[in-house]
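Input: a single structure, listed below in structure tokens.
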Amino acid sequence: MELRKRFKTLYDDVGIVPLCNRKRDRAPHIGQFCFPLCWRCSSVALGLTVCYALHSIIPDGKIDWSMSVLATTSIVLIFPMIWDGWRQYVKGKESTNWRRILTGTLCGVGLWYTTNWLVALMC
């Protein structure tokens, strides 16, 4: 029964606070409507979406990435978001929404490279 109550609370809060961190000031708004994801999570989704769109436009054979380049690029692009989150959580230094957008988008691109790297490893 507790799980049902938890989902009911989340459903009631859609449009009022973001579902990921529950902090209204860290989410995009349109008028009084608050997006269901914060700036960082929205930016990760944006980075993944842009990479997917570019991958759809550029044929597979046009870019030949080596495994080490994909792995290094993934780590370099994901690390800023991890660092910013750690800095905010452990050190108590507040991040800005612009920094959340930048690090989230970079992480989304890095996650795209990570999935491509893992797929290449399996093939």
Side-chain angles (χ1 to χ4, degrees):
M1 196 61 171
E2 181 62 35
L3 187 61
R4 177 179 264 169
K5 189 187 294 186
R6 175 81 174 141
F7 279 120
K8 172 87 169 102
T9 303
L10 286 174
Y11 177 76
D12 290 343
D13 287 345
V14 171
I16 299 170
V17 294
L19 302 176
C20 51
N21 63 11
R22 320 284 296 161
K23 296 180 181 175
R24 188 171 168 79
D25 61 322
R26 294 184 184 177
H29 290 79
I30 294 179
Q32 292 297 315
F33 179 78
C34 181
F35 277 60
L37 295 175
C38 70
W39 280 110
R40 186 172 283 139
C41 295
S42 297
S43 298
V44 169
L46 175 70
L48 285 166
T49 304
V50 167
C51 285
Y52 178 77
L54 289 175
H55 183 71
S56 299
I57 294 169
I58 301 171
D60 288 338
K62 294 289 184 187
I63 300 176
D64 185 27
W65 297 95
S66 71
M67 299 291 254
S68 60
V69 170
L70 282 174
T72 305
T73 304
S74 299
I75 292 167
V76 166
L77 291 173
I78 293 171
F79 181 75
M81 190 174 98
I82 294 170
W83 175 80
D84 189 44
W86 174 83
R87 184 175 160 257
Q88 206 170 340
Y89 185 74
V90 174
K91 298 274 189 173
K93 302 204 177 192
E94 193 66 29
S95 184
T96 64
N97 284 337
W98 286 109
R99 184 176 292 144
R100 290 183 190 107
I101 292 168
L102 177 65
T103 59
T105 304
L106 290 174
C107 183
V109 173
L111 289 173
W112 177 261
Y113 282 123
T114 301
T115 56
N116 284 334
W117 177 61
L118 291 173
V119 166
L121 275 177
M122 289 183 209
C123 293

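In what follows, every heavy atom counts, from backbone to side chain, and hydrogens, waters and symmetry copies are set aside.
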_Crowding at CZ, F33 (>12 non-hydrogen neighbours, <6.0 Å)_ = yes
Is the shortest side-chain heavy-atom distance between [X] and [Y] below 4.5 Å?
X: V69; Y: Y113; answer: no
X: T103; Y: P80; answer: yes
X: V44; Y: M81; answer: yes
X: K23; Y: V17; answer: no

Nearest 0.5 Å, what's the [atom1]-[atom2] distance between [X] and [Y]?
X: I101; Y: T96; atom1: CD1; atom2: OG1; result: 8.5 Å
X: F79; Y: L106; atom1: CZ; atom2: CG; result: 12.5 Å
X: L118; Y: L111; atom1: CG; atom2: CG; result: 10.5 Å
X: C38; Y: R100; atom1: SG; atom2: CZ; result: 7.5 Å
X: T105; Y: W39; atom1: OG1; atom2: CH2; result: 10.0 Å
X: D84; Y: C107; atom1: CG; atom2: SG; result: 11.0 Å

With the 4.5 Å side-chain cut-off for hydrophobic clustering, are [X] and [Y] part of the same group?
X: W112; Y: I82; value: yes
X: L48; Y: Y52; value: yes
X: V109; Y: L102; value: yes

*Backbone N/O of K93 and side chain of R87: donor-acceptor pair under 3.5 Å*: no
*Is the side chain of S74 donor-acceptor paired with the backbone N or O of T114 at a distance under 3.5 Å, no angle test?*
yes
_Carboxylate-amine/guanidinium contact E94 R26, below 4.0 Å_ = yes
